[in-house]
Number of protein chains: 2
Amino acid sequence: MTRMQDIADKLGISKGTVSKALNGTSNISEELQKKILETAIEMGYTKKLRRQKDTERRLCILIADTEYKEPHQFAYDIILGFRQMAEPAGYEVDVVSADDSLQKSLSYDAFMLQNQYMGAFVVGFNLGSPWMEDFHSCRIPAVLYDNYVPANPHIAYVGIDSNEGMELAVSHLKQLGHKNIGYLSSTLGSYVMQVRHKAFFQTLRQAGLSADYARARSAYLISECVERYLPKLLDMGVTAILCSHDQLANAAMLQCQQLGCHIPEDISIIGFDDLPFCAYISPPLTTIRQDRLQLGKSAYYALESLLNQIPIGTLLLHAQLIVRNSTGEVKIK
Amino acid sequence: MTRMQDIADKLGISKGTVSKALNGTSNISEELQKKILETAIEMGYTKKLRRQKDTERRLCILIADTEYKEPHQFAYDIILGFRQMAEPAGYEVDVVSADDSLQKSLSYDAFMLQNQYMGAFVVGFNLGSPWMEDFHSCRIPAVLYDNYVPANPHIAYVGIDSNEGMELAVSHLKQLGHKNIGYLSSTLGSYVMQVRHKAFFQTLRQAGLSADYARARSAYLISECVERYLPKLLDMGVTAILCSHDQLANAAMLQCQQLGCHIPEDISIIGFDDLPFCAYISPPLTTIRQDRLQLGKSAYYALESLLNQIPIGTLLLHAQLIVRNSTGEVKIK
């Protein structure tokens, strides 16, 4: 295990200077601090749990491209669940906006060391986020929400079982008599969207239903998805549409209504996530629930495990089908 | 929530008689006990955690087709890890041999209720085990080692990440220059063997290597695997063989040596599990480690979560590559 003295010896400086750099004191030059950080990372230096006093135990939630400040927003409960576990256990938790410019300015390990964070819970990163590459070889533990990075024992993946969610949705529609099912998805530039896209076809095949690739469409913008692709699905005769997330399902319902289709008489719609608004729209949305509070708590459990050298790799919660009024029996034509 | 009184009302008997049946007292007729148990299951009766006194909190480890009594055997550490967590937390843990005749004699829920177990950790079941069907709809929590049953919130799956293990093994062989890699596997009648078999081909494709189906062979008996299929793989020019578990890898090494092949000069062999013997055979076996003690502890965490209505579905630990002397650089022919 690398100690501060080892770093000092390698650079020919005092241990005190190394300590200053690693503890973020500002009275050394930026250049020297950078050199010390880089050397520390190269030598595999990490802060160890047992060495920290309570006042020094700091974790961060790194968040990008996700709304979390209001109770109705996606990541609010995820963050709440994490804090509800971490803070009583004696950790200080910072929520840090990790935009691309921060990620490009220094490596993940360097950021964590510089800010004295022992571990991170990472929310909202997509496959193109600069630090996703770092997570393949980083030394400081990180738990990734909805992102999977194999073969690094310092990384864990937490989410719900998207395959199970898709299976619940398709099985519900099949029971209602639907055979022609379409899928609308957000861009496939994120891990979880790729998983759900693949799960859609796999589940249809397992259910003995037609799994035509033309029936699944994705786009970065919700407007493009519903204005351009939804009419195409209707033209193909689909009687039900699964959506990769609730906002998209809501937009799809509005678009259907504008096109004169009644829900669920003419077309059934299913969302994914069960955001608070789903119960209040018209008609209330059938969707796949992610228990976001428990996801946050599970993320803390995974991070605490990694900090204690327990090699958790993947922790998935059960998905749950919430049946409301946006799905109904297929109309016999 | 169903109470004993509800069951009594439905059957027109006293609550005391129901209590006797559910608490295993023997002074009621076998026929009546069976009727009460069946009604209790039909009505969704389960023992709740918060109702139990410490002396009444009982869990079981249901084990089939797996050796566990000696420290060198596969499931010893798994069971030890589970007990190391469960017993200090106040649970009594029974290890129960769950052979097919027990499983055929009554349903899983009935067995659990009759014996007053609040939850089970299930080890060594294959896809044909009678209770595997029950796990799709059972009410009493069960954590399955190496078996996945979706869409039942009372079931969780614990194991290591076999995809990651396969990736580590193939990547190691690729770095040593191997391009023609074969796979020998136990029968594909178990979930985890199916996962590893599929992962083998997927990993080869991702690594840009030929993924010829003829290079993967499986058989129920180790002897059939190594006597019949290993020579076929050698004839096809493979320079390395992955094995689905360590005992098979050990038998494959002995067979290679009998055929005059040197390990690792002529052929590299990799196992799976890292059983204690792997370090002591000749040559010591390169293998993928399952941290079995932590797997047992994680299984307890998952079961405790299910008992507390936290819907854990899947918990996978990281696989780890242990490099010993049964793998080496490919010989240039």
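Please read all numbers here as calculations on a predicted model, not as lab measurements. Labels below follow one simple rule: chain letters A, B, ... track the order of the sequence lines, proteins then strands, and each chain is numbered from 1.
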message = Strictly less than 4.5 Å between heavy atoms, which residues of residues 312-322 of chain B line up against chain A? Please order them by number.
response = B:Ile312, B:Gly313, B:Thr314, B:Leu315, B:Leu316, B:Leu317, B:His318
query = Is it true that atom CD of A:Glu133 has more than 12 heavy atoms of other residues, nucleotides or ligands lying nearer than 6.0 Å?
reply = no
message = Using side-chain heavy atoms (C-beta onward) and a distance below 4.5 Å, is A:Tyr148 in contact with B:Asp161?
response = yes
ask   = Just wondering, are more than 12 heavy atoms of other shown residues or ligands nearer than 6.0 Å to CD in A:Glu87?
value = yes
remark   = Ranked by heavy-atom pairs below 4.5 Å to chain B, first place among A:Lys297, A:Glu164, A:Glu167 goes to A:Glu164
